[in-house]
Amino acid sequence: MSSAEAKAARRAKFEGVFEKIRDELVEHFAGEGMPAEAVKWYRDNLNYNVPGGKLNRGLSVVDTVEILKGRALTEDEYFKSAILGWCVELLQAYFLVADDMMDSSITRRGQPCWYRLPEIGSIAINDSFMLEAAIYRLLKVHFRPEPYYADLLDLFHETTYQTEMGQLVDLITAPEDKVDLSKFSLERHRLIVIYKTAYYSFYLPVACAMLVSRIPDTYTVPAASGSATVKPYDLALSILLPLGEYFQIQDDFLDFSGTPEQIGKIGTDIVDNKCSWVVNTAIKLASPAQRQLLDENYGRKDAEKEKKVKALFEELGIRKVYAEYEERVVSDLKKKIGEIVEVEGGLKREVFESFLGKIYRRSK
């Protein structure tokens with residue numbers, strides 16, 4: 001089987017679990033005495049908004065459990081891991097349905113945004129709440145007897161709160177209709193990225209996998225002085241947050257540098273007034289005259305002004321700055337990962353190496 005076929009098979013198996021949990025959620029909803037019209041609505045909400053994306057976050061839960069256990073999973077282990085993967089995808093769907101309304105977006109994953117469907121409209125607000133509530137229904141049904149149940153609840157609640165904090169800072173820093181670059185800075189960008197993206201896209205899937213694999217809060221490893229105490233969840237966070245930041249900076253850079261053929265979309269960060277790494281780096285490097293050009297042209301729905309901004313980015317050598325940043329951050333991450341001491345039932349370097357391998361020098 002080729003790697004592409006293996007990838008497709010992995011995805012198909014994971015999607016098979018979605019069908020089971022969707023039917024389970026809908027059956028419970030109907031069992032509460034809800035009318036047929038509402039049952040259909042809920043089912044459509046789940047089908048339209050949850051399974052359509054790349055599924056990277058959800059699949060990474062299953063992949064990480066396999067790495068931590070060092071073997072193929074039993075049917076029950078796979079099912080439990082995949083449920084947690086779909087809980088991460090439900091969280092993502094909840095954020096995106098709401099986010100699309102806040103941003104007045106038109107399409108998502110190649111189809112109209114849910115709220116844009118004629119019969120949906122602002123009911124999408126409640127639909128997003130129901131996607132979030134489905135997470136806790138699934139956790140209760142499948143994990144209630146487990147000793148780590150409270151940890152899972154805590155993890156999902158905490159991550160949701162962190163993501164909403166990041167979303168607020170992003171919305172008030174860079175409203176699409178009001179350009180004010182004085183609010184922008186690399187420090188502000190970093191805060192938004194860590195809270196809005198890194199916690200739920202990178203730490204959450206790995207922490208879910210660690211909990212279901214029964215990785216303890218602390219354990220000891222051999223060290224020069226005899227032994228050392230490791231806090232694996234803190235250690236994972238210290239690698240995954242910079243990794244998530246790197247991923248988003250790369251995304252920002254590709255929006256500016258990638259062609260539509262390469263990245264599968266037209267970059268819109270400049271015209272959309274996005275608080276991206278590229279513009280923040282430009283602000284830091286710009287002379288007063290260049291800064292004025294940015295102030296006058298960034299975040300405008302005007303192709304000529306966008307061209308001027310792109311030309312300025314080239315003039316400032318953004319490509320070289322990015323290449324240097326990438327090598328520096330990857331070197332730091334490899335060093336951190338290399339320092340992990342592996343013991344039976346503990347963290348494995350491969351968890352982080354596999355994430356880094358998927359991201360390093362990607363072109364889309």
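Everything numeric here is computed off the predicted structure, so don't read it as measured data. Every heavy atom of this structure was used, including side-chain atoms; hydrogens, water molecules and symmetry mates were not.
Within 6.0 Å of atom CZ in R190, 12 or fewer heavy atoms from other residues, nucleotides or ligands are found, so the atom counts as exposed in its surroundings. Summarising the local packing, CZ of R144 is surrounded by 12 or fewer heavy atoms from other residues, nucleotides or ligands at distances under 6.0 Å.
Aromatic ring centres of F18 and F14 lie farther apart than the 6.0 Å criterion allows. Checked against a 6.0 Å centroid threshold, the rings of F355 and F247 do not count as neighbours. The aromatic ring centres of F29 and Y42 sit less than 6.0 Å apart.
Both cation-pi conditions hold for K13 and Y78: the charged atom is under 6.0 angstrom from the six-membered ring centre and inside a 45 degree cone around its axis. In this structure, K334 forms a cation-pi arrangement with Y360, its terminal cationic atom sitting closer than 6.0 Å to the ring centre and no more than 45° off the ring axis. With F256 as the aromatic partner, K310 does not meet the cation-pi criteria of under 6.0 angstrom to the ring centre and within 45 degrees of the ring axis.
Under a 4.0 Å N-O distance rule, the pair R11/E15 qualifies as a salt bridge. Under 4.0 Å is where a charged nitrogen must lie from a carboxylate oxygen, and between D100 and R109 no such pair does.
Within the 4.5 Å cutoff, no side-chain heavy atoms of K335 are placed close to those of D332.
Side chain of K348 to main chain of E342: no donor-acceptor pair is present (N/O by atom type, distance under 3.5 Å, no hydrogens or angles).
When the options L235, L243, L240 are evaluated for a side-chain contact (heavy atoms from CB on, under 4.5 Å) with F352, the one that passes is L240.
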